[in-house]
Colleague: 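Here it is, the structure in full.
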2 protein chains.
Amino acid sequence: MSDWQKLNVAERRRQSPRVAVSTVAFALRPPAHARVHAKDEEQGLWLPLVRRVRAPFKDAWALPGGPTAWNQTLTQTAHATLVAATRIEPSYLEQLYSFGSVERSADAERLVTIAYWAQYSARDAAGATAAAGEDTNVAWFRADALPDLAFDHGEIIATALTRLRSRTAYAAVAHRFLDPEFTLAQLREVHEIILGHPLDPANFRRQMLASKTLEETGHSLAGVKHRPAKTYRYRPEED
Amino acid sequence: MSDWQKLNVAERRRQSPRVAVSTVAFALRPPAHARVHAKDEEQGLWLPLVRRVRAPFKDAWALPGGPTAWNQTLTQTAHATLVAATRIEPSYLEQLYSFGSVERSADAERLVTIAYWAQYSARDAAGATAAAGEDTNVAWFRADALPDLAFDHGEIIATALTRLRSRTAYAAVAHRFLDPEFTLAQLREVHEIILGHPLDPANFRRQMLASKTLEETGHSLAGVKHRPAKTYRYRPEED
DNA sequence: TCAATAGTGTCTATAAGACATTATTTT
DNA sequence: AAAATAATGTCTTATAGACACTATTGA
């Protein structure tokens, strides 16, 4: 029993709210060995959830996360709790928004959630150890087929999806889902998955190359039954 | 003496961090009756600060704010603490970012600050009561001439300025600094103050009118020694 | 040769930016 | 008439989107 639960209502009202960090971590595919909750494994937006083992919302699915640690920054806490749940290192992590809904029950514990969003690259996910799959309380879901969620985690995921889509329009987000070397068709497919609609290959190519953030690797992807595509790597704009 | 201060170090480490809300509240001019800390009163970006009356950072200037209340949302707390400090109702309020820097001293209290940013319109500031000026611990400063600040409030203000500028580029932010009816020259001047550089009057006019968010009032601003300008009001896009 | 995808070229519509020109008011 | 700013017009350049066309591979 936690310290919190020993307090009466009046005491709880004087307390500072509990502060938790939660992370919405997107990947294009569930990692190897992962437990998945979806019928097909097509590309799409996937994210890991953790089954709660205690009240409130016992047995419901929730975002990976946990309470703030006294000696860690918020970002460090987000990172540590995400890696603890999935055993995989994300390639990107950024703060999303803070949620502090008021629970109407006088008995309820006041909770402030500082939400983060993260991205896993194909390489991150491929390197997952079999050990990660052993935790039956962690599973991967498609973002368009989520279970009922604990707390306001449904709202948090919706906010993360909106942020991911708006960022994709102007920032270099998509390449982080891929390997360091990728073709323009692969990059376009990521954009299409995130945005939810098809893009013109010719125009997409021209826009990406005009941004000056892609660099030819000199390699190409042979073995396909058509003209092989050149591969590129992402190179941040330097001025 | 607060409950917190009675705890020893080990106990503090088990505690949840304190959660405070702070607000960066921009206005084009300091309100009537306000105490100001700047030599001239030209238009610019101004914001209210509160002098701390207790440790830590006793006597330093800080953003208006306060601890989260058990029965209020974060936004409600931001609003209430801002109005308590300035006695003026803001025309806009939105969450900015959460800051959770780790104080390196083992003795230090861990603090998470959920920052908001707000806007005051000319009308908001004009309606300020004389009573607000009586509080000697509240004063208005120009954003480009700030004093030393408590906590990480300098970083918070810098983040708010960046957000304000990027929002101005694509969202209808500027009109909230003005009265409900305004001329295109006034609106342009606000953009210039926020962005920090001059804009072409002709092109600015065409872009604003093309956005379909401005509506003619039918009035114009006479009394000037040149052709009087038509006034407009902001009308959110409906589809 | 055909199928399939990589990659290029071209046309149109739209918008930004620079800047000239006309319009309307007070002094 | 002069000064000052409002409001409009025009030209250039850049970019998005639609879509036709060429290039290169394996079967």
Side-chain angles (χ1 to χ4, degrees), chain A residues 43 165-175 178-179 181-234 237 239, chain B residues 43 165-175 178-179 181-234 237 239:
Chain A
Q43 297 222 101
R165 289 190 181 113
S166 67
R167 279 293 168 85
T168 301
Y170 65 90
V173 165
H175 74 92
L178 298 169
D179 285 327
E181 294 193 13
F182 49 83
T183 67
L184 281 163
Q186 291 171 334
L187 190 65
R188 176 169 50 81
E189 196 183 0
V190 176
H191 279 250
E192 290 175 339
I193 287 169
I194 295 173
L195 299 176
H197 59 82
L199 297 169
D200 183 295
N203 295 332
F204 180 81
R205 164 184 304 275
R206 237 178 308 105
Q207 287 164 27
M208 286 300 115
L209 296 179
S211 76
K212 305 277 187 189
T213 57
L214 297 185
E215 183 179 60
E216 278 194 38
T217 61
H219 310 149
S220 51
L221 228 62
V224 285
K225 59 182 179 184
H226 56 265
R227 179 174 174 175
K230 291 179 187 169
T231 63
Y232 296 81
R233 71 173 66 87
Y234 178 75
E237 242 168 327
D239 280 287
Chain B
Q43 298 221 101
R165 290 192 180 110
S166 66
R167 279 294 168 87
T168 300
Y170 64 90
V173 165
H175 74 93
L178 298 168
D179 285 327
E181 295 192 12
F182 49 84
T183 67
L184 281 162
Q186 290 171 335
L187 190 64
R188 175 169 50 84
E189 197 183 0
V190 176
H191 279 250
E192 290 174 340
I193 287 170
I194 295 172
L195 299 176
H197 59 82
L199 297 168
D200 183 292
N203 295 332
F204 181 82
R205 164 185 304 276
R206 237 179 307 106
Q207 287 165 27
M208 286 300 114
L209 296 179
S211 76
K212 305 278 188 189
T213 57
L214 297 185
E215 182 179 60
E216 279 195 37
T217 62
H219 310 147
S220 52
L221 228 59
V224 285
K225 61 182 178 185
H226 57 265
R227 178 173 173 177
K230 291 179 188 169
T231 63
Y232 295 81
R233 71 172 66 87
Y234 177 75
E237 244 169 324
D239 281 287

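All chains are named by letter (A, B, ...) in the order of the sequence lines, taking the proteins before the strands, and each is independently numbered beginning at 1.
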Colleague: Looking across every strand, which nucleic acid part, if any, lies under 4.0 Å from B/Ala185 by heavy atom: base, sugar-phosphate, or nothing?
Modeller: sugar-phosphate
Colleague: Do you know the tightest heavy-atom contact between A/Thr183 and A/Ala229?
Modeller: CG2-CB, 3.8 Å
Colleague: Can you give me the first and the last nucleotide of DNA chain D (5' to 3') that has an atom within less than 4.0 angstrom of a non-hydrogen atom in chain A?
Modeller: D/dA16 to D/dG26
Colleague: Can you tell me how far P of C/dT26 sits from NZ of B/Lys225, to the nearest Å?
Modeller: 13 Å
Colleague: Can you check the A/Asp200 CG to C/dA6 C1' distance for me, whole Å?
Modeller: 13 Å
Colleague: Mapping B/His226 and A/His226 to their closest nucleotides on DNA chain D, which lands nearer the 5' end?
Modeller: B/His226
Colleague: Tell me the closest heavy-atom pair linking A/Glu181 and A/Gln186, and the distance in Å.
Modeller: O-OE1, 4.4 Å
Colleague: Nearest 0.5 Å, please: how far is NE2 in B/His219 from CZ in B/Arg233?
Modeller: 7.0 Å
Colleague: Determine the minimum heavy-atom distance between B/Leu195 and B/Arg165, stating which atoms define it.
Modeller: CD2-O, 3.9 Å
Colleague: Let me confirm one number: the CG-CZ distance from A/Asp200 to A/Arg206, rounded to the nearest 0.5 Å.
Modeller: 8.0 Å
Colleague: Nearest heavy atom decides the nucleotide; on that basis, is B/Pro228 or A/Ala202 closer to the 5' end of DNA chain C?
Modeller: A/Ala202
Colleague: Let me spell it out: for each of A/Ala222 and B/Lys230, pick the nucleotide of DNA chain D with the closest heavy atom. Which residue's pick is nearer the 5' end?
Modeller: B/Lys230
Colleague: Should the ring pair B/His175 and B/Tyr234 be called parallel, tilted or perpendicular, given that the plane angle runs from 0 to 90° and is split at 30 and 60?
Modeller: parallel
Colleague: Do B/Thr213 and B/Tyr232 have side chains that approach each other closer than 4.5 Å (heavy atoms only, starting at C-beta)?
Modeller: no
Colleague: Restricting to non-hydrogen atoms, name the atom on A/His191 and the atom on A/Met208 that form the minimum distance, rounded to 0.1 Å.
Modeller: CE1-CE, 4.2 Å
Colleague: Return the residues of residues 203-215 of chain B meeting this criterion: a heavy atom under 4.0 Å from some atom of DNA chain C. Order them by number, or give none.
Modeller: B/Asn203, B/Arg206, B/Gln207
